[in-house]
Amino acid sequence: MAHRIRLADIAAQAGVSTATVSRVLNAKSSVAPKTRQAVVAALDLLGYERPKTLREHGGGLVGMIVPELTNPIFPFFTQSIVSALSLQGYTPLLGTQMAGGTTEDSYVETMLAHRVAGFVFVSGLHADSTANISRYERIIARKIPFVTINGAHPGLRNPDFSTDDADAIRQAVCHLTSLGHQKIGFASGPLRFIPSLHKTEAFIDAMRHSHPHEQPRVVHTLYTVNGGAGAAAQLIGAGCTAIICGSDMMALGAVRHCKAAGISVPSDISIVGFDDSPVTGFSDPPLTTLRQPVKAITEAAVSTLVALIKGMQVDIGKMSFDPELIVRGSTAARK
């Protein structure tokens, strides 16, 4: 269908010249990977079928296993990983987990049967301190490289790329303290998850430093809207005037509870989320949150994985990325 494509439309959408579009459509090697990807994305956005030359991927398959996709941060990670893999010429095999569904181990076996060149694990069993790591040791024994995202397991030596959870929580406590809050609560997921543990330890430490006369108030529940709502009820009942949540979904649940209880956000209570998933700017009120640098994390993870697949010596180990406090309408000065 290449002859039906309007080059001017594609060029305008991709922000390149029509000559560049033509070179991409004809698979010329003189086009930079990011430019090629922009043209391919423009084709997809405008609803054109890709020409055959743009459907071929020479790098092979990469297994990508992510948690359930109802939390918007995980589709965000997925999209970014897919884009980075595509730029490197690799095609992802995606496995998504859900309660009662296919397990991570089952996905790995299926993907191995498809001869994947490597794996990307996002917030998987590697992030569970109680999980058996022999499953990853078996992948290592087969000499198949893998990287993990958000959950640097101390028993594994693979490259991991994670947001600095401790720094994020310190920023949140500092922000709320600057607004005059002293009774600050923290809601997070189960403590067995490595990110939850790091966040909790950082919260307790930050509170003892900033508010030594206040008992740190912590609730561990599920990383869900309902989990956040339940935690908010407990923390507000304990006298908190501000709540830091371990995920945006929990924070949205906390806001929901407050609305149902007639509690104003942020006039009566301030709420901070974690992730800066794509929906947070559209919540009511818009959510103050800690932004994970998703693009930087995924690009580093994929480039490292590709280097390992190509047999290069890579000694990255555990790499942490700086979060960013995004202040919106869900936090305000303590009255």
Side-chain angles (χ1 to χ4, degrees), residues 61-82 84-85 90 92-114 116-142 144-165 188-199 220 222-224 227 246-247 249 274-275 277 292-294 297-302 304-306 308-309 316-321:
L61 301 174
V62 168
M64 181 173 61
I65 302 176
V66 300
E68 44 77 28
L69 298 178
T70 55
N71 184 334
I73 193 61
F74 294 126
F76 193 19
F77 267 107
T78 300
Q79 183 180 35
S80 189
I81 294 168
V82 168
L85 285 171
Y90 288 82
L93 283 182
L94 175 62
T96 60
Q97 298 176 267
M98 64 183 68
T102 305
T103 66
E104 180 177 305
D105 292 337
S106 295
Y107 275 129
V108 168
E109 291 304 316
T110 299
M111 291 172 179
L112 288 173
H114 283 80
V116 294
F119 287 96
V120 181
F121 295 94
V122 181
S123 299
L125 290 172
H126 62 91
D128 186 339
S129 62
T130 65
N132 191 330
I133 62 172
S134 64
R135 54 178 44 89
Y136 299 107
E137 292 170 343
R138 289 194 293 271
I139 299 175
I140 294 171
R142 296 181 67 160
I144 298 176
F146 69 92
V147 296
T148 56
I149 291 176
N150 280 350
H153 197 291
L156 292 170
R157 298 182 61 185
N158 67 282
D160 178 88
F161 305 84
S162 297
T163 299
D164 189 334
D165 295 310
S188 190
L191 202 54
R192 74 176 192 273
F193 293 118
I194 293 169
S196 293
L197 176 61
H198 290 167
K199 291 171 185 173
H220 291 289
L222 298 179
Y223 279 117
T224 62
S247 75
M249 295 301 285
F274 191 105
D275 287 333
S277 50
Q292 291 202 61
V294 172
I297 290 173
T298 54
E299 287 182 350
V302 168
T304 299
L305 179 63
V306 170
L308 290 170
I309 290 172
I316 285 188
K318 316 301 183 185
M319 182 178 291
S320 64
F321 292 75

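These numbers come from a predicted model, not from an experiment. Residues take their numbers from the sequence shown, with the count starting at 1.
- Qualifying side-chain hydrogen bond (donor to acceptor under 3.5 Å, both in side chains) partners for N158, counting only residues two or more places apart in sequence or in other chains: T148.
- Remark: E68 CD is packed, more than 12 non-hydrogen atoms of other residues, nucleotides or ligands lying under 6.0 Å away.
- Heavy-atom minimum distance, P92 versus L85: CB-CD1, 3.8 Å.
- Minimum heavy-atom separation, G151 to S162: N-OG, 3.1 Å.
- Using a 3.5 Å distance cut-off with no hydrogens or angles, the side chains of N132 and S134 do pair a donor with an acceptor.
- We find the OG-CD1 distance between S247 and I73 to be 10.0 Å, quoted to the nearest 0.5 Å.
- Across all their heavy atoms, G118 and I144 have their closest contact at CA-CG2, 3.8 Å.
- You'll find the side chain of L93 stays beyond 4.5 Å of the side chain of M64, heavy atoms only.
- Interatomic distance, NE2 of H198 versus CG of L191, reported as 10.5 Å (0.5 Å rounding).
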- Begin from the C-alpha positions of T163 and F274 and carry the test side chain to side chain contact (heavy atoms under 4.5 Å, CB included) through to its verdict. CA-CA 11 Å; T163 299; F274 191 105; 4.3 Å; yes
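- Between the side chain of K199 and the main chain of G246, a donor-acceptor pair closer than 3.5 Å is present.
- The side-chain heavy atoms of V120 and V122, taken from C-beta on, include a pair separated by under 4.5 Å.
- Between D160 and I149, the shortest heavy-atom contact is OD1-N, 3.8 Å.
- Under the rule for a salt bridge (Lys or Arg N to Asp or Glu O under 4.0 Å), R138 has no partner lying at least two apart in sequence or in another chain.
- Counting only residues at least two apart or in different chains, salt bridge (Lys or Arg N to Asp or Glu O under 4.0 Å) contacts with residues 99-109 comprise D105-R135.
- Here CG of L94 is found 5.5 Å from OG1 of T96. Values are rounded to the nearest 0.5 Å.
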- Message: side chain to side chain contact (heavy atoms under 4.5 Å, CB included), that's the test. Do I133 and H126 meet it? Break it down for me.
- Response: CA-CA 7 Å; I133 62 172; H126 62 91; over 6 Å; no
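- Ring centroid separation for the pair F121 and F119 comes in under the 6.0 Å cut-off.
- Every residue two or more places apart in sequence or in another chain that forms a side chain to side chain contact (heavy atoms under 4.5 Å, CB included) with S106 is listed here: T102, T103.
- Across D164, D165, N150, a single residue satisfies side chain to side chain donor-acceptor pair (under 3.5 Å) together with Q292, and that is N150.
- Considering every non-hydrogen atom in both Y136 and G124, the closest pair reads OH-C, 4.3 Å.
- Among residues two or more places apart in sequence or in another chain, the side chain to side chain contact (heavy atoms under 4.5 Å, CB included) test is passed with F321 by F161, P293, A296, I297, A300, M319.
- In this structure the side chain of P145 never reaches within 4.5 angstrom of the side chain of I140, judged on heavy atoms.
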- Could you walk me through whether M249 and T224 pass side chain to side chain contact (heavy atoms under 4.5 Å, CB included), step by step? CA-CA 5 Å; M249 295 301 285; T224 62; 5.9 Å; no
- Could you go step by step and tell me if V62 and V116 meet the side chain to side chain contact (heavy atoms under 4.5 Å, CB included) rule? CA-CA 5 Å; V62 168; V116 294; 5.8 Å; no
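- For the pair R192 and D128, the salt-bridge criterion is met [side-chain N within less than 4.0 Å of a carboxylate O].
- Y223 pairs by the side-chain hydrogen bond (donor to acceptor under 3.5 Å, both in side chains) definition with S188, S196, not counting sequence neighbours.
- Judged purely by atom type and a 3.5 angstrom limit, H220 uses its side chain to pair as donor or acceptor with the backbone of G189.
- One distance of note links OG1 of T298 with CZ of F76; it measures 8.5 Å at 0.5 Å rounding.
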